[in-house]
Amino acid sequence: MAQEEDIFKKLISHSKEYGFVFPSSEIYDGLGAVYDYGQNGVELKNNIKKYWWDSMTLLNENVVGIDSAIFMHPTVWKASGHVDAFNDPLIDNKDSKKRYRADVLIEEQITKYDDKINKEVEKAAKRFGEAFDEQKFRETHPRVLEYQAKREKLHHRFAKALNDNDLNELRQIILDYEIVCPISGTCNWTEVRQFNLMFATEIGSTADGAMKVYLRPETAQGIFVNFLNVQKSGRMKIPFGIAQIGKAFRNEIVARQFVFRMREFEQMEMQFFVRPGEELKWFEQWKQIRMRWHKALGLGDRKYRFHDHDKLAHYANAATDIEFEMPFGFKEVEGIHSRTDFDLRSHEKYSGKKIQYFDPELNQSYIPYVIETSIGVDRMFLSVLSAAYTEETLDDGETRVVLKLPPALAPVKLAVLPLVKKDGLPEKAREIIENLKFDFQCQYDEKDSIGKRYRRQDAIGTPYCITIDHDTLNDQCVTIRYRDTMEQERAPIDRLEEIIRDKVSLKNILKKIAES
Ligand code: GAP
């Protein structure tokens, strides 16, 4: 674990050093849990967004996009339940004066049992080698069974407390399991209180007073309130989906783990409207589609798992998370919810406007049910970056840090490097960029040795370096150097566009999703 934490720290400093992520307002010592994306970060983020957007709107004839405003009428948040129920249970340690989320403290305790079980499994796997039967070991080993039973007991008690909204019981669990504050090391806890996560501000300043509005805590409501607008103007037939990418804001209490939990972040959400009664079938289908989307990037299938919810949100009748193995363990990257007709029904009630769909096949009107897929751009960014970050020792004993990003997501697709700064090589390199810059994000670099330049490109994940040497001027060929294998290949300049296009295209990844 210590080694993973170490890697995570290195990843954070690498992100800053190479222009991916900067702390917000850094010259004023930063602002908690708010980050800015730098020149490489924004390209990577835009590529992730494009991958998601295209997978939704190109691969599905019946999914269209919108871009709704961040500010919404305040009654939206009353109808959605966020004013009354969008809370986190907070607890303070009286000695350190630090504030925590009670549910997170307990979840961390549950993870400790998982860690203990995994350690037993790892030890046994080493001892038994090839002959090791992991499943049998997990099912029979007395210590694993003991940890498993303890885990289940705590988990059951925790899930019940959450479902009953029993704040006293949450506190009692923390006391019974002697969960201490990591700063003070004591169990001197306050009561658990609910804390609403929405940021409020005011619109207008008329004599009648200003109107209190919220910064949206999710983009989904912008889709719900536009359901009829899109359905009618697009003549959409159920089942159909509406997708949106945009900022969301939450006054997170436990704001740590870099861009994993931010106060201002971005979501990619899709609401899929279906006939009542068919929602669980679609829920299953979208679960599979979304998992395929993740795995198609090739970051490693074993890094993903589903995690079904213990406590269903106030609007859901089924929910799962797609978790990714971050440097600090498996964590939620995407939520998939069967939201019933809760939101549309509630907006109908609060607005007094009929929000129904006439189904010509059934010859009846109804409020559609909804399957939601909701993924955080920043969490996706972190999962891609952490899977890509690699420290390697090369054959000659040198080390390199390389971001093995999927080429389609890499911020810079190719770097064009003249071997020397003279003899017409820089001019030739510029000429190549002039031709390729319309299709790909290119970089020109002539400073330092070619080895140093390769390392700089490795560090930002550039998949292809194109080297121009003296032979290039005669044979019109260049050397392509591949980031991951470091192999080199000679190729004619006039084939570069075609070679690189195929390697960096999102199309090949999208095809994998469509074909499976
Ligand atoms: N509309 C449903 C919804 O908002 P959620 O599970 O609260 O559901 C969906 O959020 C996704 O948004 C999460 O899976 C996560 O990727 C991202 N997300 C939520 N809170 C976040 C935060 N504070 N910082 C970064 N990403 C966050």
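Order of appearance sets the numbers: ligands from 1, and atoms from 1 within every ligand.
H337 and H309 have perpendicular rings, their planes meeting at more than 60° on a 0 to 90° scale where under 30° would count as parallel. Ring orientation note: the planes of F8 and F258 are nearly perpendicular, at an angle over 60° on the 30°/60° scale.
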Test salt bridge (charged side-chain N to carboxylate O under 4.0 Å, His left out) on K404 and D484 and set out the steps.
CA-CA 7 Å; K404 295 189 172 177; D484 297 351; 5.2 Å; no

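Considering only non-hydrogen protein atoms, atom 2 (C) of ligand 1 sits nearest to E372 OE1, 3.0 Å. In terms of protein heavy-atom proximity, atom 19 (C) of ligand 1 is closest to R250 NH1, 3.5 Å. Protein heavy atom nearest atom 9 (C) of ligand 1, with residue, atom name and distance: S374 OG, 3.0 Å. Looking from atom 6 (O) of ligand 1 to the surrounding protein, the closest heavy atom is E332 OE2, 3.2 Å. Here the heavy atom of the protein found nearest to atom 12 (O) of ligand 1 is Q267 NE2, 3.3 Å. Given atom 25 (C) of ligand 1, the protein heavy atom at minimum distance is F260 O, 3.2 Å. Nearest non-hydrogen protein atom to atom 16 (O) of ligand 1 is V333 O, 2.7 Å. With respect to atom 18 (N) of ligand 1, the closest heavy atom belonging to the protein is F265 CE1, 3.5 Å.
Annotation for K247: atom NZ counts as buried by contact number, over 12 foreign heavy atoms lying within 6.0 Å.
Residue-level proximity to ligand 1 for M380 is absent, since no heavy atom of it falls below 4.0 angstrom. Of all the heavy atoms of R339, the ones lying under 4.0 Å from any atom of ligand 1 belong exclusively to the side chain. Residue E334 touches ligand 1 through its backbone alone, judged by heavy-atom distances below 4.0 Å.
Of the possible donor and acceptor atoms, none in the side chain of N62 sits under 3.5 Å from a partner among the backbone N and O of I238. For the pair R261 (side chain) and A33 (backbone), a donor-acceptor distance under 3.5 Å is absent. One N or O on the side chain of W189 and one on the backbone of I179 form a donor-acceptor pair closer than 3.5 Å. Proximity of a side-chain donor or acceptor of N196 to a complementary backbone N or O of H82 within less than 3.5 Å is detected.
The two residues A408 and K413 have their closest heavy-atom pair at O-NZ, 3.0 Å. Scanning both residues, F240 and F227, for their nearest heavy atoms gives CZ-CE1, 3.4 Å.
Looking at G376 next to ligand 1, an N or O pair under 3.5 Å apart turns up. Considering backbone and side-chain N/O atoms, E269 comes within less than 3.5 Å of an N/O atom of ligand 1.
Of all atoms in ligand 1, listed by their number and element, those nearer than 4.0 Å to a heavy atom of E218 are 1 (N), 2 (C), 3 (C), 4 (O). Those atoms of ligand 1 with a heavy atom of G335 less than 4.0 angstrom away are 14 (O).
Contact between E264 and ligand 1 is absent, with no heavy atom of the residue lying under 4.0 Å from the ligand.
Atoms CD and OH, on E334 and Y304 in that order, are 10.5 Å from each other to the nearest 0.5 Å.
Proximity annotation for atom 24 (N) of ligand 1: of M262, Q221, Q257, M262 comes nearest, heavy atoms only.
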